[in-house]
Amino acid sequence: MKNILFNKDIIQRRVQELGRQISFDYSGHEICVIVLLKGAFMFASDLIRSLTPKVRVEFMKISSYAGQNSTGLVKIDQDIDYDIHNRHVLILEDIVDTGLTLHNLLDILYKRNPASIEICSFLDKPSRREVHVSVKYIGFVIENVFVVGYGMDYNQMWRQYPDIQIIEGD
Ligand code: XMP
Ligand code: MG
């Protein structure tokens with residue numbers, strides 16, 4: 001398995017571009033970045049280093065029960081210990097697939113009355129979408145393939161690859 005979709009140089013260039021765009025959009029404001037564990041950890045560490053506004057970094061771990069149920073459900077395994085009331089929240093995610101995870105997470109976070117919430121996802125698989133989610137910042141749009149690397153896993157393995165690789169189905 002070595003089917004590289006995006007190599008580390010292309011990834012780094014795109015992440016720096018995203019960082020510049022986000023820094024521009026939030027200039028003069030403080031950002032409360034919420035990193036969704038585990039998948040977004042590597043993307044977050046690169047992106048956050050390129051941000052120039054004031055940044056607070058929080059981590060959240062959620063699991064999704066998408067499946068038979070069309071709306072899906074999100075379980076918070078680890079919550080942030082910070083009140084986002086009146087804060088500008090930026091969620092960092094590895095990949096948006098059906099959209100159910102983020103759709104449900106947004107419901108939960110909006111109840112805490114933040115000033116704003118935006119989503120930045122490293123990857124987007126729009127062909128798989130089941131519910132609409134507005135993702136303001138996207139690294140790359142991909143086809144319906146399963147990818148690993150740059151923080152993303154298959155059965156918890158292969159997160160360490162610095163590039164994005166496609167797992168071939170059989
Ligand atoms: P939703 O709720 O949008 O879920 O369907 C998004 C989550 O699904 C996982 N996911 C992947 N993980 N390679 C991965 O390593 C993939 O190609 C992939 N597609 C979806 C991921 O956990 C994401 O947060
Ligand atoms: Mg994930």
Side-chain angles (χ1 to χ4, degrees), residues 1-12 14-15 18-19 22 31-48 57-80 84 89-112 114 116-170:
M1 186 204 70
K2 256 276 176 188
N3 190 350
I4 294 181
L5 185 58
F6 303 113
N7 70 33
K8 62 175 193 275
D9 298 331
I10 287 169
I11 291 172
Q12 290 306 322
R14 182 69 187 123
V15 172
L18 282 175
I22 293 167
I31 317 173
C32 175
V33 169
I34 300 180
V35 181
L36 299 187
L37 296 173
K38 301 173 187 173
F41 85 95
M42 203 177 282
F43 171 50
S45 90
D46 286 338
L47 182 75
I48 289 166
V57 184
E58 298 288 336
F59 297 91
M60 199 163 185
K61 190 164 189 299
I62 52 179
S63 34
S64 166
Y65 297 111
Q68 311 92 316
N69 186 330
S70 63
T71 54
L73 272 180
V74 154
K75 178 167 154 284
I76 299 182
D77 299 319
Q78 183 192 313
D79 206 342
I80 52 174
I84 60 171
V89 171
L90 179 66
I91 298 172
L92 300 190
E93 173 65 306
D94 52 357
I95 182 165
V96 188
D97 191 73
T98 63
L100 290 167
T101 307
L102 285 171
H103 178 81
N104 286 288
L105 179 64
L106 285 175
D107 271 357
I108 294 168
L109 293 180
Y110 272 121
K111 292 196 179 104
R112 302 180 187 182
S116 67
I117 306 184
E118 298 294 352
I119 297 165
C120 174
S121 183
F122 177 62
L123 297 178
D124 185 14
K125 267 190 212 180
S127 64
R128 292 259 311 159
R129 204 71 96 247
E130 287 178 25
V131 285
H132 172 75
V133 198
S134 176
V135 185
K136 184 164 185 183
Y137 306 100
I138 295 167
F140 300 99
V141 173
I142 65 168
E143 302 293 314
N144 185 17
V145 288
F146 198 87
V147 293
V148 294
Y150 200 54
M152 284 174 280
D153 70 302
Y154 178 70
N155 287 343
Q156 299 300 324
M157 292 296 125
W158 302 333
R159 293 188 194 276
Q160 79 268 31
Y161 292 149
D163 35 45
I164 290 286
Q165 303 186 19
I166 298 177
I167 295 233
E168 299 291 358
D170 44 28

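In listed order, ligands and their atoms are each counted from 1. The shown structure was predicted, so the numbers you read here are calculated from the model rather than taken from an experiment.
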Practice item. Applying side-chain hydrogen bond (donor to acceptor under 3.5 Å, both in side chains), run through S63 and D77 and close with a yes or a no. Key: CA-CA 7 Å; S63 34; D77 299 319; 2.9 Å; yes
Practice item. Would you sort out whether D124 and R129 count as a salt bridge (Lys or Arg N to Asp or Glu O under 4.0 Å), showing the intermediate values? Key: CA-CA 9 Å; D124 185 14; R129 204 71 96 247; 2.7 Å; yes
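At a 4.0 Å cut-off, at least one heavy atom of K125 sits close enough to ligand 1 to count as contact. Within the structure, the closest approach of V145 to ligand 1 falls below 4.0 Å when heavy atoms are considered. Taking 4.0 Å as the cut-off, G99 counts as a neighbour of ligand 1 on heavy-atom distance. Under the 4.0 angstrom criterion for non-hydrogen atoms, V148 is not in contact with ligand 1.
The backbone N or O of M157 lies less than 3.5 Å from no partner atom in the side chain of N155, so there is not a single donor-acceptor pair.
Residues forming a ring pair (Phe, Tyr, Trp, His ring centres under 6.0 Å) with F59 (at least two apart in sequence, or on another chain): none.
With a 4.0 Å cut-off on non-hydrogen atoms, R128 does not touch ligand 1 at all.
Every atom of ligand 1 with a heavy atom of T101 under 4.0 Å away is listed here by number and element: 1 (P), 2 (O), 4 (O). Set against the non-hydrogen atoms of E93, the atoms of ligand 1 under 4.0 Å away are 24 (O).
Aromatic rings from F122 and F140 are positioned such that their centres are separated by under 6.0 Å.
For a threshold of 3.5 Å applied to N or O pairs, the pair formed by V147 and ligand 1 contains at least one separation below that value.
Of all non-hydrogen atoms in L123 and M152, the two that sit nearest each other are CD1-CE, 3.6 Å.
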